[in-house]
There are 2 protein chains.
Amino acid sequence: MNILITGGTGFIGKQIAQKLLDLGTIQFDEQAPEQIKKITLFDAFSGEDLPQDPRIQVVTGDITDRELVSQLTQDIDVVWHLAAVVSSAAEADFDLGMNVNLYGLLNLLDSIRAHGNQPRVIFASGCAVFGGDLPEIVTDKTVVTPKSSYGMQKAVGELLVADYSRKGFIDGRVLRLPTIVVRPGKPNKAASTFFSSIIREPLKGETAVCPVQADTPVFITSPRRCVESMIQAASLSPERLGDNRIIPLPGLTVTVHEMLEALKQVAGQSAVDLVKWEEDKTIQRIVQSWPVQVEAKYAESLGFKADSNFESIIQAHIEDTKE
Amino acid sequence: MNILITGGTGFIGKQIAQKLLDLGTIQFDEQAPEQIKKITLFDAFSGEDLPQDPRIQVVTGDITDRELVSQLTQDIDVVWHLAAVVSSAAEADFDLGMNVNLYGLLNLLDSIRAHGNQPRVIFASGCAVFGGDLPEIVTDKTVVTPKSSYGMQKAVGELLVADYSRKGFIDGRVLRLPTIVVRPGKPNKAASTFFSSIIREPLKGETAVCPVQADTPVFITSPRRCVESMIQAASLSPERLGDNRIIPLPGLTVTVHEMLEALKQVAGQSAVDLVKWEEDKTIQRIVQSWPVQVEAKYAESLGFKADSNFESIIQAHIEDTKE
């Protein structure tokens, strides 16, 4: 198996790669497991703490580069397409967001199509496809209403991956992800980044700012569960998916208050005291426009699962980030 | 007022132009009517029977041509973007459909954005954004599920026009149109083309083939009503639309049997006898995947209306096409 991960030096890319290296094989539904021969981590950034393994190849470059992406997609079996300019950055620089999130995806899809070998392509979408007035419970049938350019680009990507699959150019699977918490490393430019900071920094004895009210709910997945879902998405046979390539994932709904209660259980009140409250109405407004209660029947019928509680997410974060 | 109509030598483009010439002015909501100074009909094809008027300019060219589209969108006040490769053609030639329906739209939007004058842009979408299993009544909140590349390209276009509007690059309005019946002229490559043929040809004393069963229902708008809705869409103030730029239009639901009953009322049994029945399972399947009952609350709240009955649509077709 020859694997390509775009955005491969980002934290989810690295974790998928590490998990694949640990597994050694990929097993497609009802097929024998196949050895993983090469994993290419392709990214605009060289990254750090990359998995050290002879099967890993790191390529730095631009996802809109036709020649390079054409080379990288030759003889490929599975692609995880994670490369993206995140929400606040795509909103601040419209052209940058369009280039990476729309034209980069199109370049990838057309390169794959030109080679004609129909690999499995897992595309990371997210709840940013929603916005504005939402029903209390968002389902597989809820109309997308993006209120950010990032959300628009992801919604467009979903439609492209579905149609390129219907046409037989790729064998695509869109995972519509909940917010990922706890992200390791440093804050990024996503409006949701503080949800991770308020857990991650106190665990290191550092302060973090919470810009929203304690009763604010959020719909999340842990990094571990995200990586499991990503690998599971590759294993599903195309027959199980048919024309229905957009898979909104299940997740866990917790309030900031509940997150901090779990932090107290794991690391004590002194950790919770490191969270400073500085309300930011813009972030509060953005966060409140996201789905909170999501019914993911299609994903559940395919075997995807949500995390069971936030305490175990914190425990896993501690395990995964210890030196 | 300086007007651009892409796909302007097509039949709806010509009819919008003729209506604007007859009106002489465009009236935006709560503003004084403004003189129409120039109407540019831009199309890949030179067309025929174009409106003869000193205010009309015809430009033939490619919607993906950056320099040309940049010239045409300078100092423009209203754009009707009708240029499109229709459903069967976009399905048969994927690259052609992507070029015109996606990259052509992007070229238009980015040209307009570069000039910075935020014209009103009316984008023609259609019920091809739907497909597969649909609820009995399709509403403004029904999730789009395109099952053709044309439908995907229109669904993507809707999202792009909405986001370019939200960003203030254009002042866009998407009209999601019912099937247009009775189309004048010749059959085109749309799967729906026979719905017009079975009325148009018998009125000329010619035979036509009906490839679906008589009880097959279809959701339609007349050309006249379509043109009225197109001009009405330009008049609406941006304040009335807010962020909600996608407007599924109301229409009339009729069966083939009811259409032919109306034809009998207008032109007698001899006209109906010119319709030959040759079932085509592919067309039957495509047509059955389209919405039949549509609840268009948003459009109705904005003042858009459906045709009242099919007989008057036939009468209008006869008036509009007499030599």
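Chain letters run A, B, ... following the sequence lines, proteins first and then strands; every chain starts at 1.
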Charged N-O contact under 4.0 Å between B/E91 and A/K167:
yes
Picking from A/D77, A/L108, A/V78, what satisfies side-chain contact (heavy atoms from CB on, under 4.5 Å) with A/L4?
A/L108
Apply salt bridge (charged side-chain N to carboxylate O under 4.0 Å, His left out) to the pair A/R113 and B/D95, showing each step before the final yes or no.
CA-CA 11 Å; A/R113 179 185 164 215; B/D95 289 311; 2.8 Å; yes
Using a strict cut-off of less than 4.0 Å between a Lys/Arg side-chain nitrogen and an Asp/Glu carboxylate oxygen, indicate whether B/R240 and B/D29 qualify as a salt bridge.
yes
Verify the ring-centre separation between A/F130 and A/F219: is it less than 6.0 angstrom?
no
Between A/I246 and chain B, with a heavy-atom cut-off of 4.5 Å, which part of the residue counts as in contact: side chain, backbone, both or neither?
neither
Under a 4.0 Å N-O cut-off, is there an ion pair linking A/D243 with A/R166?
no
For chain A, which candidate among B/A162, B/P135, B/S148 shows the most heavy-atom pairs at distances under 4.5 Å?
B/S148
To the closest 0.5 Å, what do you measure between CD (B/Q232) and CZ (B/R225)?
8.5 Å
Shorter than 4.5 Å, heavy atoms on both sides: which option in A/Q153, A/K147, A/E158 has the most such pairs with chain B?
A/K147
Donor-acceptor side-chain pairing of A/T64 and A/N99 below 3.5 angstrom
no
For chain B, which residues from residues 283-298 of chain A lie under 4.5 Å away (heavy-atom distances)?
none
Short N-O contact, B/K189 and B/D93, less than 4.0 angstrom:
no
Per-residue tally against chain B (heavy atom, under 4.5 Å) across A/L160, A/D140, A/D110, A/L159 peaks at A/L159
Proximity breakdown for A/T142 and chain B, heavy-atom pairs closer than 4.5 Å:
backbone
Under 4.5 Å to a heavy atom of chain B? For A/R245 that would be neither
